[in-house]
Amino acid sequence: MEGPTFRARELMKQLNERPKITIPERDYSLDIPALIHNPELAYLNRHFGIVREVSRSKAGFLSRIKYRIKVLVARLVFGSLSDYFAAQQEFINHLVRLQNEVARSLDATIEQTNKTMVGTREALRLAEEAGMLHRLLEARIGKGTAESEP
Amino acid sequence: MRVAIVTPQFGNSSSEDQLIVRRVAGALSVEHSVTVLHPHLGDGPSGPVGSLNVIPFREEGSRTRYAALGEASFGGRSCSGYCTCYSQHAKELGRSLPRFVQEELARASGGNSPDLFSHLREVKYDLVVFAGYSFASTRFGLDYVPASTKVILLPLAREEPLFWMPTYDSVFSRPDRILVTTRTEELLVLGRIGDSQRERVFDIRFVLNVNRLAFDTSPAGRRRKSFVVAGGESLDRSQIDWLKAAAALTFAKMNMELVVLEPKGRASNGREWFEREVLVSRSDLWRWMTRALAFIDPRPKRILGREVLEAYLLGTPVLVSRDGGANLEHADEGNGGLWFSGFNELEAGLNLLADDDLRGTLGQQGREYALREYGDSAKFIQRVNEAVLDKET
């Protein structure tokens, strides 16, 4: 009869030859400043509106003429393409909201990862401690038994 | 042939011990007239139950007394599934107890019923089967059986201090046959009665079945791949820490989770870290087994290893405690799983079982083993009856 493909005893031998897990010496927590306070994000939040006003030029006749022409052209452009600019503004609004959401989500993920790392280290420490206490207990019981034997 | 089965309990088939008693009673009733005698008057079955006739009797004594004596003698509950110190020193613990404490423990362990003992003396049975070596119904009931009556012992033995107490010597010396269900139990019994009496011990194996419909009904709301842990109600603090650490290291990188199963009515509180699921039925357990990457059973000293065999029958590999008794035997001989005795082995085992091919092959090998050794009702009935009738097995 053909034997099993995997023998449990051989797998156990292979498993016990693996290097033992130990508590990492280093703290692997991610030290990244919160993205929600990033100055670039703050800039985006302050300047996401499309500028519709024409800035005033210096004093002087020619400058006044140039300013009036610019205002007329701006009215013409924004007036005739009002639907287009409204859609663009809406698009930018969504984009900035998404950026804020991404920043918040990333910050929460980093915080969660750091908590998990702390938890894992703590769990490993507890496991090691439990193992050590167990060995001590077994040694004490073994010693007691040996002493009580005739 | 008139057969009596003396058992301290009869009815709860979710317990391994009781399931073994019921199946043996069923197997014997195929060829003989079987009467089950139990000391639970008013609290257990009575009259005809299937092919059996059940007679209840009044019990004396209380479990509280047994618990108090146990607490005084052994310091309360046994060690966890990860711990082997208890079983290593069980023999010394059991033998070192004063004789009167041993007698008191045996008397208080359940099944102390003078009415039942009188019945055994007055009614002529051809064969009396005693279930559970440690119970008063066996320890004291044996003295009431006429010397000409054949006696069979179904020891339901596990490595524990009680097993080694000299007060039970007669329980192992009087019976004509001792029926065991696994190789682990056989070795344990032989360790007590001596290898020279090998011919008195019969391995009747067992028979188990699962409902394959469990494959078609999914546990509600499950999406991720899970390792399923049995016996959540009996996990202690150190077991939780080990599982927690192993799972954190293994599952974080594999998008897997750990689900701890707890029986209905015995679910514990305050283990918020685990995914906890309360089992409402046996089918519910099978459903979880069918969906599990592997079935983890950290419970120690199993007599039959029922859940491991059921997981095998559903093609699921297992990870069991090295101190798991029959569980370890099934993992080793069935080549359907791994075992662990500490955190490092547990973590390495989980990592190894994350491999799809390995899991598939182990599951298949386990299934073949369970079907071959524990899947044939006709063979089981034949083995039980042959063991009882002195035929060669």
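These numbers come from the heavy atoms of this one structure, side chains and all, not from hydrogens, waters or symmetry mates. We name chains A, B, ... by the order of the sequence lines, and we start the count at 1 in each one.
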Should we say atom CZ of A/Arg75 is surrounded by more than 12 heavy atoms from elsewhere, each under 6.0 Å from it? no

Looking only at heavy atoms, what is the nearest atom pair of B/Trp339 and A/Met12, with distance? O-CE, 2.8 Å

Indicate the atoms forming the closest heavy-atom contact of A/Arg7 with B/Asn335, along with that distance. CA-OD1, 3.4 Å

Write down the atom of B/Gly337, the atom of A/Ala8, and the distance for their closest heavy-atom approach. O-CB, 3.4 Å

If I measure from the heavy atoms of chain B, does A/Glu10 come under 4.5 Å with its side chain, its backbone, both, or neither? neither

Segment of B/Gln365 engaging chain A (4.5 angstrom heavy-atom cut-off): side chain

Separation between CG of B/Leu362 and CG of A/Leu11, rounded to the nearest 0.5 Å: 6.0 Å

A/Leu62 CG: over 12 foreign heavy atoms closer than 6.0 Å: no

Any idea which heavy atoms bring B/Ala348 and A/Leu15 closest together, and the distance? CB-CG, 3.6 Å

A/Thr5 and its side chain to side chain contact (heavy atoms under 4.5 Å, CB included) partner, picked from B/Thr361, B/Asp357, B/Leu358: B/Thr361

Counting neighbours of CZ on A/Phe85 that are heavy atoms of other residues, nucleotides or ligands and sit closer than 6.0 Å, is the number greater than 12? yes

Once rounded to the nearest 0.5 Å, what's the spacing between atom CZ of A/Phe6 and atom CG of B/Leu338? 10.5 Å

